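A short write-up of the structure that comes next.
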Amino acid sequence: MKKHLPGVFILLIASINLQAQDTGSGLDFLNIGPSPRLLSISEAGTAVLSGPSSMFTNPSLLAFEESNSVDVSYTLWISEVGNQFAAINFKQPRSAIALGIFSSKADEFEARNNPGPSAGTFSVSYLSLAGSAAYRLGPVSAGFTAQYLREEVFQFIANGYAFNLGASARIFQERVLMGVSLNNLGKMEELDTVSTPVPSSWNAGISADIVEFVTPGENDLPILISAYAAYSKPIQEQTTSDFASSDSKDGFFSLALSGEAASLFSLQAGYRFGPTERPVSFGLGLILDPVRINYAMVPFSTGFGTVHSFGLQYNF
């Protein structure tokens with residue numbers, strides 16, 4: 001029979017290992033972009049149409065989408081943490097309803113009562129089951145997401161909830177999109193003896209189509225260049241962030257560029273300012289209407305590894 005670690009000791013070990021996800025709390029997977037489209041632009045997604053994944057960034061954006069869509073992705077985070085995401089957005093002329101699941105799991109943590117051989121292994125997992133609704137009135141949209149949260153560490157289980165609230169507006173002949181959101185406003189039950197904090201934040205962002213042109217020659221190739229910017233600041237105090245020493249309420253500012261050629265290929269690059277060890281991100285997309293294949297790469301600058309994310313989006 002496997003020996004079990006005392007509750008407080010095992011939670012301490014889990015928290016140390018889960019800092020490899022991004023920050024100091026396992027639930028900070030909610031601060032990680034669930035899809036490669038968001039990761040590729042350094043999560044500057046507060047005012048970016050990214051399909052169903054908007055339910056975790058700014059749910060009001062769901063009402064601006066042009067069609068129904070399904071989005072699935074898998075992200076191999078550092079320290080062999082796996083993040084899975086799947087969601088569907090049902091779009092109506094003025095409204096949208098979305099359902100999604102976002103999970104994070106790490107296996108093969110060693111359990112020990114004392115120095116020496118391990119007493120077995122255990123896994124740590126986090127889950128968000130989410131539902132969103134958005135309504136658009138002219139150039140303005142508002143939306144919300146309700147999340148059921150579940151946390152499982154060893155034999156300990158905690159449940160909780162969180163809400164995302166967002167608003168957005170399209171201006172200048174719909175070439176500029178602005179958005180604001182409050183994300184992850186919620187609470188968790190105690191996990192053994194301590195409740196894990198839910199990483200709430202407020203966010204503001206803007207996106208714009210800045211250059212559109214056609215290449216000269218016999219085979220005209222339309223090119224669209226877009227720019228994205230977003231600022232995110234924690235509402236409550238957090239611990240470490242991306243392994244970087246910082247004030248517990250320091251925010252992040254992200255800038256990104258995206259280029260799309262002939263509505264067939266896309267390239268993205270982003271830079272994240274703030275207390276982070278993953279400042280840069282890259283991505284590409286292959287658009288085979290109605291399917292879009294996405295990939296993102298996020299290297300950590302201090303040798304922790306490189307994140308790879310793969311996704312598939314289907315519009316219908």
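As the structure is a computational prediction, the values presented were derived from the model and not from experiment.
The cationic atom of Arg136 (NZ for Lys, CZ for Arg) does not lie both less than 6.0 Å from the six-membered ring centre of Phe64 and within 45° of the ring axis.
Between the side chain of Glu260 and the backbone N or O of Ser266, no donor-acceptor pair lies under 3.5 Å. A distance-only check finds a donor-acceptor pair linking the side chain of Glu65 to the backbone of Gly51 [under 3.5 Å]. With hydrogens and angles ignored, the 3.5 Å screen pairs a side-chain donor or acceptor of Asn68 with a backbone N or O of Lys91. For the pair Thr46 (side chain) and Ala230 (backbone), a donor-acceptor distance under 3.5 Å is absent. Using modelled atom types, no side-chain atom of Ser40 and backbone atom of Gly283 make a donor-acceptor pair closer than 3.5 Å. Between the side chain of Ser95 and the backbone N or O of Gln92, no donor-acceptor pair lies under 3.5 Å.
Arg278 places none of its side-chain heavy atoms less than 4.5 Å from the side chain of Ser42. In this structure the side chain of Phe300 reaches within 4.5 angstrom of the side chain of Ile78, judged on heavy atoms. Put simply, the side chain of Leu312 does not reach to within 4.5 Å of the side chain of Asn294, judged on heavy atoms. Residues Leu49 and Leu177 are in side-chain contact: their nearest non-hydrogen atoms beyond the backbone lie under 4.5 Å apart. Looking at heavy atoms from C-beta onward, Phe56 lies out of side-chain contact with Ser132 at the 4.5 angstrom threshold. Inter-residue side-chain proximity for Leu38 and Thr57 is flagged as met; some heavy-atom pair is nearer than 4.5 Å. Between Asn164 and Met55, the closest side-chain pair of non-hydrogen atoms is not below 4.5 Å. Using a 4.5 Å heavy-atom threshold, the side chains of Val81 and Val124 count as separate.
The hydrophobic clustering, which links ILVMFWY residues whose side-chain heavy atoms are closer than 4.5 Å, places Tyr228 and Leu257 apart. The hydrophobic cluster containing Tyr161 does not contain Ile157, counting ILVMFWY residues as joined when their side-chain heavy atoms lie under 4.5 angstrom apart, directly or transitively. Under a hydrophobic-cluster definition in which Ile, Leu, Val, Met, Phe, Trp and Tyr are linked whenever side-chain heavy atoms come within less than 4.5 Å, directly or via other members, Phe252 and Val48 are assigned to different clusters. No single ILVMFWY cluster, assembled from side-chain heavy atoms under 4.5 Å apart, contains both Tyr135 and Leu182. Placement of Phe282 and Phe265 in two distinct hydrophobic clusters is found when ILVMFWY residues are connected by side-chain heavy-atom separations under 4.5 Å, directly or transitively.
Partners of Glu212 under the salt bridge (Lys or Arg N to Asp or Glu O under 4.0 Å) rule, at least two apart in sequence or in another chain, are Arg175. Phe273 meets the ring pair (Phe, Tyr, Trp, His ring centres under 6.0 Å) test with Tyr271; sequence neighbours excluded. By the ring pair (Phe, Tyr, Trp, His ring centres under 6.0 Å) test, Tyr231 pairs with Trp202, sequence neighbours left out.
For the residue pair Ser69/Asn89, the side-chain donor-acceptor check at 3.5 Å is not satisfied. Side-chain contact annotation: Asn184 with Ser200, donor-acceptor N/O pair under 3.5 Å absent. A donor-acceptor contact closer than 3.5 angstrom links the side chains of Thr196 and Glu151.
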Worked check of side chain to side chain contact (heavy atoms under 4.5 Å, CB included) between Val307 and Thr75: CA-CA 7 Å; Val307 172; Thr75 300; 3.6 Å; yes

Full working for side chain to side chain contact (heavy atoms under 4.5 Å, CB included) between Arg170 and Met178: CA-CA 7 Å; Arg170 300 188 90 162; Met178 301 184 299; over 6 Å; no

Worked check of side-chain hydrogen bond (donor to acceptor under 3.5 Å, both in side chains) between Arg37 and Gln313: CA-CA 10 Å; Arg37 291 186 69 180; Gln313 187 172 326; 3.2 Å; yes

Pair Ser201-Asn183, side chain to side chain contact (heavy atoms under 4.5 Å, CB included): steps then yes or no: CA-CA 5 Å; Ser201 64; Asn183 292 346; 4.0 Å; yes

Trace of the side-chain hydrogen bond (donor to acceptor under 3.5 Å, both in side chains) decision for Glu190 with Ser195: CA-CA 4 Å; Glu190 289 185 355; Ser195 296; 5.0 Å; no

Lys105 vs Ser123, side chain to side chain contact (heavy atoms under 4.5 Å, CB included): CA-CA, chis, key distance, verdict: CA-CA 7 Å; Lys105 186 175 182 180; Ser123 62; 4.0 Å; yes

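You'll find the ring centres of Phe29 and Phe102 inside the 6.0 Å limit. Ring-centre distance between Tyr74 and Phe310: not below the 6.0 Å cut-off.
Using cut-offs of 30° and 60° on the angle between ring planes, the pair Phe316 and Tyr314 is parallel.
Annotation: the span from Gln268 atom CD to Ser281 atom OG amounts to 9.0 Å, rounded to 0.5 Å. Atom-to-atom distance recorded for Ser50:OG and Leu62:CG is 8.5 Å, nearest 0.5 angstrom.
Shown here is Leu99, whose CG atom has more than 12 heavy atoms of other residues, nucleotides or ligands within 6.0 Å. By the 6.0 Å contact criterion, CD on Glu189 is enclosed, its count of non-hydrogen atoms from other residues, nucleotides or ligands being greater than 12. Environment of NZ in Lys233: crowded, with over 12 heavy atoms of neighbouring residues, nucleotides or ligands closer than 6.0 Å. Heavy-atom contacts from other residues, nucleotides or ligands closer than 6.0 Å to CD of Glu66 number 12 or fewer.
Taking every heavy atom of both residues into account, Pro59 and Thr145 meet most closely at CB-OG1, 3.3 Å.
When the options Ser73, Ser104, Ser103 are evaluated for a side chain to side chain donor-acceptor pair (under 3.5 Å) with Gln84, the one that passes is Ser103.
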